[in-house]
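Below is one structure, written out as structure tokens; comments come after it.
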Amino acid sequence: MHAKTDSEVTSLAPSSPTRSPRRPVYYVQSPSRDSHDGEKTTTSFHSTPVISPMGSPPHSHSSMGRHSRESSSSRFSGSLKPGSRKISPNDAPSRGAHRKGNKQWKECDVIEEEGLLEDEERERGLPRRCYVLAFVLGFFLLFSLFSLILWGASRPQKPKITMKSIRFEQFKIQAGSDFTGVATDMITMNSTVKMIYRNTGTFFGVHVTSTPLDLSYAQITIASGTMKKFHQSRKSQRSLTVIVMGNKVPLYGSGASLSSSTGTTSLPVSIKLSFVVRSRAYVLGKLVKPKFYKKIECDVTFDPKKLNVPISLKKACTYD
């Protein structure tokens with residue numbers, strides 16, 4: 001049904017008869033809401049019968065105004081599509097909007113909770129790093145303490161060297177000249193030195209080297225020998241033999257008292273034997289490696305009558 005406009009109603013009123021066999025009825029459609037439960041709002045149209053001005057007695061001007069407003073509301077109602085409604089500012093929020101609002105609040109709560117969790121993780125992250133750093137530092141401190149204990153325990157376990165004897169196989173003095181052509185007495189000698197090396201360490205072996213074994217007379221080295229390096233296991237020992245020899249060593253002015261017509265000395269000759277033994281222990285790999293140095297000096301008296309006879313060095317040597 002189409003609602004008549006105010007202009008149509010006023011134009012038809014004078015031309016219509018006072019009474020009509022059939023009185024047309026106009027219907028005004030107005031929306032109404034059923035919101036009893038406060039959750040779902042539906043739009044429905046209610047038809048309200050309105051008596052046509054043609055079939056009704058004359059009304060006052062105020063009545064015409066009322067019909068005008070009703071006709072205007074009818075036109076507005078007719079322009080709405082079925083199932084639609086006009087939302088006024090006073091309308092209560094729908095269930096969908098309420099759910100959307102709850103969803104937004106939930107999202108905000110989730111975001112805030114995630115932010116709190118991240119803050120807690122950051123706060124927990126720092127102590128974890130501190131724990132790792134403390135563990136590393138503690139490990140190094142304990143390892144250093146353990147190494148220091150091993151080093152301290154190994155220091156008293158020094159190797160022992162015992163000089164046994166020295167034997168002179170050759171001792172000869174003859175005239176000659178040095179490499180510059182200066183005439184002087186020359187000495188040639190050959191000797192053998194014996195000693196015992198013992199490792200007293202209970203939990204480590206040692207690597208042993210030595211400086212050259214030097215035989216000197218009047219501060220002139222007349223013979224020298226080299227000891228081969230070796231490894232000595234824990235709580236063990238070995239006998240060492242070193243050849244000490246010199247060939248045509250110039251004596252210069254020192255050989256005047258030693259020269260003779262027989263090519264050998266007729267008097268005892270005081271000779272000094274000196275060398276340094278170096279021992280290195282690997283207690284904890286290359287991290288803990290104590291070193292032991294032993295300086296040995298022996299005063300030897302060569303007797304021409306005891307050639308090729310071993311001379312004891314048990315009481316002739318000092319160990320530093």
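For reference, positions follow the sequence shown, starting with 1.
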Looking at every non-hydrogen atom in both residues, tell me the closest pair between [X] and [Y] and how far apart they are.
{"X": "Met227", "Y": "Ser210", "value": "CE-CB, 2.9 Å"}
{"X": "Ser224", "Y": "Pro212", "value": "OG-CB, 3.6 Å"}
{"X": "Thr301", "Y": "Ser270", "value": "OG1-OG, 4.3 Å"}
{"X": "Val206", "Y": "Ala281", "value": "CG1-CB, 3.7 Å"}
{"X": "Met186", "Y": "Ala175", "value": "CG-C, 4.3 Å"}
{"X": "Gly205", "Y": "Asn199", "value": "CA-ND2, 3.7 Å"}

With a 4.5 Å cut-off on side-chain heavy-atom distances among I, L, V, M, F, W and Y, is there a chain of contacts connecting [X] to [Y]?
{"X": "Leu307", "Y": "Tyr217", "value": "yes"}
{"X": "Met189", "Y": "Met245", "value": "no"}
{"X": "Val242", "Y": "Tyr293", "value": "no"}

Non-hydrogen side-chain atoms of [X] and [Y] separated by less than 4.5 Å:
{"X": "Lys248", "Y": "Gln174", "answer": "yes"}
{"X": "Leu240", "Y": "Val193", "answer": "no"}
{"X": "Leu215", "Y": "Ile166", "answer": "yes"}
{"X": "Trp151", "Y": "Val283", "answer": "no"}
{"X": "Thr202", "Y": "Gln157", "answer": "yes"}
{"X": "Leu287", "Y": "Phe143", "answer": "yes"}

- Task: Test side chain to side chain donor-acceptor pair (under 3.5 Å) on Thr180 and Asp178 and set out the steps.
- Result: CA-CA 5 Å; Thr180 61; Asp178 61 4; 2.8 Å; yes
- Item | Distance-only donor-acceptor check, side chains Glu169 and Thr192, under 3.5 Å | yes
Which value, rounded to the nearest 0.5 Å, describes the distance between [X] atom [atom1] and [Y] atom [atom2]?
{"X": "Leu142", "Y": "Ser147", "atom1": "CG", "atom2": "OG", "value": "10.5 Å"}
{"X": "Arg167", "Y": "Asn308", "atom1": "CZ", "atom2": "CG", "value": "6.5 Å"}
{"X": "Leu284", "Y": "Leu150", "atom1": "CG", "atom2": "CG", "value": "6.0 Å"}
{"X": "Ile222", "Y": "Leu251", "atom1": "CD1", "atom2": "CG", "value": "7.5 Å"}
{"X": "Asp185", "Y": "Ser177", "atom1": "CG", "atom2": "OG", "value": "11.5 Å"}
{"X": "Ser233", "Y": "Phe204", "atom1": "OG", "atom2": "CZ", "value": "11.5 Å"}

- Query: Do Arg155 side-chain atoms and Lys291 backbone N/O form a donor-acceptor pair below 3.5 Å?
  - Reply: yes
- Any donor-acceptor pair under 3.5 Å linking the side chain of Thr211 with the backbone of Val276? yes
- Walk me through it: do Ile271 and Phe168 pass the test side-chain contact (heavy atoms from CB on, under 4.5 Å)? CA-CA 11 Å; Ile271 301 174; Phe168 293 95; 4.1 Å; yes
- Task: Please state whether the rings of Phe230 and Tyr197 are parallel, tilted or perpendicular, taking 30° and 60° as the class boundaries.
- Result: perpendicular
- Task: Hey, can you tell me if Phe171 and Phe302 have their rings parallel, tilted or perpendicular (30° and 60° cut-offs)?
- Result: parallel
- Message: Within the supplied structure, the quantity of interest is the number of heavy atoms (other residues, nucleotides, ligands) at a distance under 6.0 Å from Lys172 NZ; does it exceed 12?
- Response: no
- Please say which of Val244, Ile243, Leu213, Val300 ends up in a side chain to side chain contact (heavy atoms under 4.5 Å, CB included) with Ser191. Val244
- Test applied, side chain to side chain contact (heavy atoms under 4.5 Å, CB included); reference residue, Ile161; option that passes from Gln237, Met195, Arg198: Met195
- Task: Begin with the C-alpha distance, continue with both residues' side-chain angles, and end with the deciding distance and a verdict on side-chain contact (heavy atoms from CB on, under 4.5 Å) for Lys289 and Tyr282.
- Result: CA-CA 4 Å; Lys289 45 183 181 180; Tyr282 293 93; 4.0 Å; yes
- Message: Does Ser239 form a side-chain contact (heavy atoms from CB on, under 4.5 Å) with Ile196? I'd like the steps, not just the answer.
- Response: CA-CA 4 Å; Ser239 296; Ile196 295 176; 4.0 Å; yes
- Apart from Leu133 itself, what residues make up its hydrophobic cluster, given side-chain heavy atom links below 4.5 Å? Leu137
Please table the atom pairs, donor to acceptor, closer than 3.5 Å between any side-chain atom in residues 313-320 and protein atoms at least two apart or in another chain.
{"from": "Thr318", "atom 1": "OG1", "to": "Glu297", "atom 2": "O", "distance (Å)": "3.4"}
{"from": "Tyr319", "atom 1": "OH", "to": "Met163", "atom 2": "N", "distance (Å)": "3.1"}

